[in-house]
Amino acid sequence: MLLAALMAFATCLASAPARAAVPDSPAVTYTNPIAEKRADPHIFKHTDGYYYFTATVPEYDRIVLRRATTIQGLKTAPETTIWTKHASGVMGAHIWAPEIHFIDGKWYVYFAAGATNDVWAIRMYVLEGTGTNPLTATWTEKGQIRTQWESFSLDATTFVVNGVRYLAWAQRDPSVNNNTDVYLAKMANPWTITGTPVMLSRPTYSWETVGYKVNEGPAVIQRGGKVFMTYSASATDANYCLGMLTASAGANLLSQASWSKSPTPVFASSAATSQYGPGHNSFTVSEDGKSDILVYHDRNYKDISGDPLNDPNRRTRVQKVYWNADGTPNFGIPVADGVTPQRFSSYNFPDRFVRHYDYRARIEANVTKLADSQFRVVPGLAGSGTVSLESANFPGYYLRHENFEVWLRKNDGSAQFASDATFRQRAGLADPAGVSYESYNYPGRYVRHWEYLLNVQAVSTATDRADATFYAQ
């Protein structure tokens, strides 16, 4: 009898729908932009529970800081000027690209500056702050970061790999006919490099040399034993974009051979979402510490009158970083202004995400065209406390049902479309930690996958409920 009971129990387990674990990185959403007229943004999450934000101001004359307990809160946080350019001499012009770091119990701000007698004599400098709160800290100038040449240099950033602190920056090699390359060196202390710097990346691809031959603004994110260094390329107009270098954390990072360079941009302008020239990024983490967040600037228009450096309208923006199955970061596209999109993984096929393909909605694994699997959860087109799911890369297109099949369609403004594209968001039918979407105009029918295609169907069995449950990521 015991054997029979065990066999019956095993049969029940075999017939029960698979249950996915709640994702390690649940959905986080923000509303863009975070800050108007703030370029080259840097957001640092400190152990005191605050996010600290600094960026280039369009007057190029000072360094500012904000802090808030949430990323969104930085939008309305008071801003404090912690340092102002010199009236004459060095550090007297073009105050650019500040970054704030906390190292060995003190605050450090890295920035670039020109001189009053030569505004293009751009060099890298460091401020040191003593005090718990950097907005009220006592700041002292530690001077210029000296490199192998006395040449145009900027965009210093610092990071640690395997206990070793490095400095990455952009600089012009006087012997080469280009603007800037990306360099790396070890640090003796927070304002001094040591050893011979290595050139990691030079602008050679066509997308790196539009307007200017530029590799600049390095930023580092680490995961899974890999070091990923993004950088910005080309002129600071709509051609500005992000490239990426990749190395093993165990490799000799001071060898160019340890780094591989992506042959195409990893983040670029999107006419569909009206976002142009995304670049000079940094990375931070979400409030719960479970999501990586890309911080960057762009403009919401393509055409610029005059020199882009004189256009003040670069805005600070954020969006979640997703990770491909091969362990590489996927930034997708710069999403539209407003609430950031989410992804939805299947409860019983956790490696598959809701996506559109040829406008048909389905679940699919390894969606490297990230934006096809991102949707903005917006107020329902039919109202009444409902939601609609708007495509990230086709703004104005929504998931709707047609003959109970779910398609991505452009909103035609009709009452019928509004009803078909509106859902009631419910706790997951198979797991309340998930989410299920009930049709607005066919109560009792839910979005569920059937042979990997999404349909709106009635649910009754455990399998039905599993198929109609998703996790927001």
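What you see is a predicted model; the values in this text were computed from it and never measured.
For the ring pair (Phe, Tyr, Trp, His ring centres under 6.0 Å) with Y52, the qualifying choice from Y108, F44, W107 is W107, the only one to do so. Among W323, W259, F283, the single residue meeting the ring pair (Phe, Tyr, Trp, His ring centres under 6.0 Å) criterion with F228 is W323. Tested against R315 for a side-chain hydrogen bond (donor to acceptor under 3.5 Å, both in side chains), the candidates E36, H297, Q275 yield a single pass: Q275. The side chain to side chain contact (heavy atoms under 4.5 Å, CB included) test with R317 singles out one residue from D337, T340, L294, and that residue is D337.
For V220 against M229, the heavy-atom pair with the smallest separation is CG2-CE, 3.9 Å. Among all heavy-atom pairs drawn from E99 and P218, the shortest one is OE2-O, 4.4 Å. Looking at every heavy atom in both residues, F417 comes nearest to K410 through CE1-O, 3.2 Å. Between L242 and S232, the shortest heavy-atom distance links the atoms CD2-OG, 3.5 Å.
Counting heavy atoms from C-beta on, the side chains of Q319 and F331 never come closer than 4.5 Å. Residues V318 and I43 meet the side-chain proximity criterion, which asks for heavy atoms closer than 4.5 Å.
Using a cut-off of 4.0 Å between Lys/Arg side-chain N and Asp/Glu carboxylate O, K85 and D61 are scored as not salt-bridged. Salt-bridge formation is detected for the pair E390/R376: a Lys NZ or Arg NE/NH1/NH2 atom is positioned less than 4.0 Å from an Asp or Glu carboxylate oxygen. A salt bridge does not link R299 to D237: none of the charged nitrogens lies less than 4.0 Å from a carboxylate oxygen.
Remark: T422 OG1 to H401 NE2 distance equals 8.5 Å, nearest 0.5 Å. Residue I293 holds its CD1 atom at 5.5 Å from OG of S291, rounded to the nearest 0.5 Å.
Side-chain contact of Y231 with E216: a donor-acceptor pair under 3.5 Å is absent, judged by distance alone. One side chain, N441 or S439, offers a donor N or O that lies under 3.5 Å from an acceptor on the other. Under the 3.5 Å distance criterion, with hydrogens and angles disregarded, no donor-acceptor pair is assigned to the side chains of T31 and K75. With 3.5 Å as the limit, one finds no donor-acceptor pair spanning the side chains of D464 and Q457. Side-chain N/O atoms of Y183 and D181 include a donor and acceptor closer than 3.5 Å.
Using cut-offs of 30° and 60° for the angle between ring planes, the Y166 and F159 rings count as parallel.
By the 6.0 Å and 45° rule, R426 does not stack over the aromatic ring of Y446. Both the sub-6.0 Å distance and the 45° axial angle are satisfied by R352 relative to the ring of Y452.
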Test side chain to side chain donor-acceptor pair (under 3.5 Å) applied to D155 and T157, step by step: CA-CA 6 Å; D155 298 346; T157 191; over 6 Å; no
Is there a side chain to side chain donor-acceptor pair (under 3.5 Å) between Y471 and D431? Walk through the geometry before answering. CA-CA 9 Å; Y471 289 119; D431 181 358; 2.5 Å; yes
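Judged by distance alone, with hydrogens and angles left aside, the side-chain atoms of E79 form no donor-acceptor pair with the main-chain N or O of R66 at under 3.5 Å. Proximity of a side-chain donor or acceptor of W96 to a complementary backbone N or O of Y60 within less than 3.5 Å is not detected.
Residues satisfying the side chain to side chain donor-acceptor pair (under 3.5 Å) test with T273, not counting sequence neighbours, are S270.
Checked against the 6.0 Å centroid threshold, F404 and Y442 count as a close aromatic pair. Aromatic ring centroids of Y397 and H356 lie 6.0 Å or more apart.
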